[in-house]
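Down below is the structure, laid out as structure tokens.
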2 protein chains.
Amino acid sequence: MIRDNDVSRSLHEQLSLLIAETESGEQLLSEPKLAINLGVSRASLREAMRTFETRGLLQRKQGVGTFVIHPTGVFDTSLENLNSLETIADQLGLEVSMGDLQVAHRIVDLEMSEILELPENEEILHVSRVILAENRPVAYLEDNLPIDIISEDEVRKDFTGSVLDMLIRRDDIPLASSKCEISAIGATHDIAIALEIQRHDPLLVFSSLLFSTRGRIIDSSFSYFLPGYFHFHIVRRVGDQITPMQIGGK
Amino acid sequence: MIRDNDVSRSLHEQLSLLIAETESGEQLLSEPKLAINLGVSRASLREAMRTFETRGLLQRKQGVGTFVIHPTGVFDTSLENLNSLETIADQLGLEVSMGDLQVAHRIVDLEMSEILELPENEEILHVSRVILAENRPVAYLEDNLPIDIISEDEVRKDFTGSVLDMLIRRDDIPLASSKCEISAIGATHDIAIALEIQRHDPLLVFSSLLFSTRGRIIDSSFSYFLPGYFHFHIVRRVGDQITPMQIGGK
DNA sequence: CCCCTGTCAATTGTCAGACAAGTTATCTGG
DNA sequence: CCAGATAACTTGTCTGACAATTGACAGGGG
């Protein structure tokens, strides 16, 4: 795991905790007092607060104060952070397990070669498996990785259900972020069998690309979820426009 | 619209522009130089940069520099910001229109009264409509609002397709954020007819609650999207844990 | 020639203190 | 009782400084 600077990291955790245990709508201590309380400078505190403000969990009003906003009383699975299903299940106290793991080499087709930014006819590692919650299939996950990232043996030996967790464990490649596209689809024949549902039953789909800090694509994954078992949500802020970039050719 | 302080607002815009026109992986100027360039202090610049870092668009490395990351070359519709479909379509240069608007008073049922935090048997305003892109139905939107927020006449007179845009136009209520839960569902009978599709065809569903800055729930909406027409995505950061709050009773 | 090491410049991370700007409650004079 | 001034408190911004980390480069030893 990439360890940030101690101050920044522990400050983030402390603030997170403080916000979590403060009721929605309540006011925080003033910045100078809070900074002293937490043992950091006001500048550092403000930067950390900005993080939570960006996420919509804090509201600052000049001349008045800073207020906590819990967009809902209960937090299920926030999409802003990238975590494996296993980690999420851990936090929620759910029992999940892995069934039917398949690892294989594949030659990339045209579409996947463009997605992974690889030359055609390159070999990749394809990992697929079913996730069970209380012995009921609830998700079907597929990962595609360049072979130089990780070897087949390594997966077979070290795999606990999550490619992400495995990459994090190997401090090897510094991971930055994941771009996730959200859609819905009717179950295909194969997936319907794997999840023990009917063909064309609706599924929630996440198509994700995992980026290293150097901008390289490490993993292309497709996650198919049975609706109702996981509650994915996101906090969207009003009027905080980011300039859209439609740079066609790079 | 709530106008932030000038410095903060214009700095945010300038940075957004700068990032948009910088290629992925490239390095920004150093903080001191950039601060001078933009005419602000380094502290303010750092706070603004933190916003974009939180969104996964910037990567800062101590001793090295700050780098731009575009998780993908093309930006479609980022879910981090809450915008109406009309606004999104505008930005993308799409032609969308509204068909079949229905406005009606309703008595809340038990479920909705809990969602909106209203007493039972209270009246609410229910607004539903179909969104067309190039004359093809692509989305079905439902909104439920407390009647003291907005009147039926106002909707009929001023409505352009978006409840959100209408609330923004009336400077009346300061909006903060929206909590959006994402799922998939098979089309019901009514929605299938409205969208001109078959029953049980898969749909992407957003169930959203809109919060005012005072924490009041302003709007409960359900948005049903035909897959493939809109590309919703989100940037997820690795290892940036927010303390989950599972505060059952409030 | 290669490899190791110390030095040094550049960059981000953090800090302290100050003042500006906005909000709210209180006091004061009419 | 009311209106306006005022004071206290908050967040927003600025300035300057130092610490921590990184990467490159020169120099020396093998």
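Numbers restart at 1 for each chain; the letters A, B, ... are given by sequence-line order, proteins then strands.
For B:R42 and D:dG16, a side-chain-to-base donor-acceptor distance below 3.5 Å is absent, hydrogens and geometry of angles not being considered.
Between B:M49 and A:V40, the residue anchored nearer the 5' end of DNA chain C, judged by the nucleotide with its closest heavy atom, is B:M49. Judged by closest nucleotide on DNA chain C, B:E31 is the one of B:E31 and B:A43 placed further toward the 5' end.
In this model, the phosphate group of C:dT14 is not approached by any side-chain N or O of A:S41 to a distance below 4.0 Å at OP1 or OP2. Contact annotation: A:T66 does not reach the phosphate of D:dT10 (side-chain N/O to OP1 or OP2, under 4.0 Å). At the phosphate of C:dG13, OP1 or OP2 sits under 4.0 Å from a side-chain N or O atom of B:R46.
For B:S44, whose side chain is taken as the heavy atoms from C-beta onward, the closest listed nucleotide among D:dT11, D:dC14, C:dT12 is D:dC14. Comparing atom distances between the B:Q62 side chain and each of D:dC14, D:dG12, C:dG13 picks out C:dG13 as nearest.
Both cation-pi conditions hold for B:K61 and B:F67: the charged atom is under 6.0 angstrom from the six-membered ring centre and inside a 45 degree cone around its axis.
Donor-acceptor pairing under 3.5 Å is recorded for the side chains of B:S44 and B:S41.
A distance-only check finds no donor-acceptor pair linking the side chain of A:R237 to the backbone of B:A176 [under 3.5 Å]. The main-chain N or O of A:H12 is never found under 3.5 Å from a side-chain atom of A:S16 such that the two would form a donor-acceptor pair.
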Please enumerate all protein N or O atoms sitting under 3.5 Å from an N or O of nucleotides 24-26 of chain C, with distances to 0.1 Å.
none

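The pair B:E181-B:K179 meets the salt-bridge criterion, since a charged nitrogen lies less than 4.0 angstrom from a carboxylate oxygen. The pair A:R60-B:E47 counts as a salt bridge, with a side-chain nitrogen and a carboxylate oxygen less than 4.0 angstrom apart.
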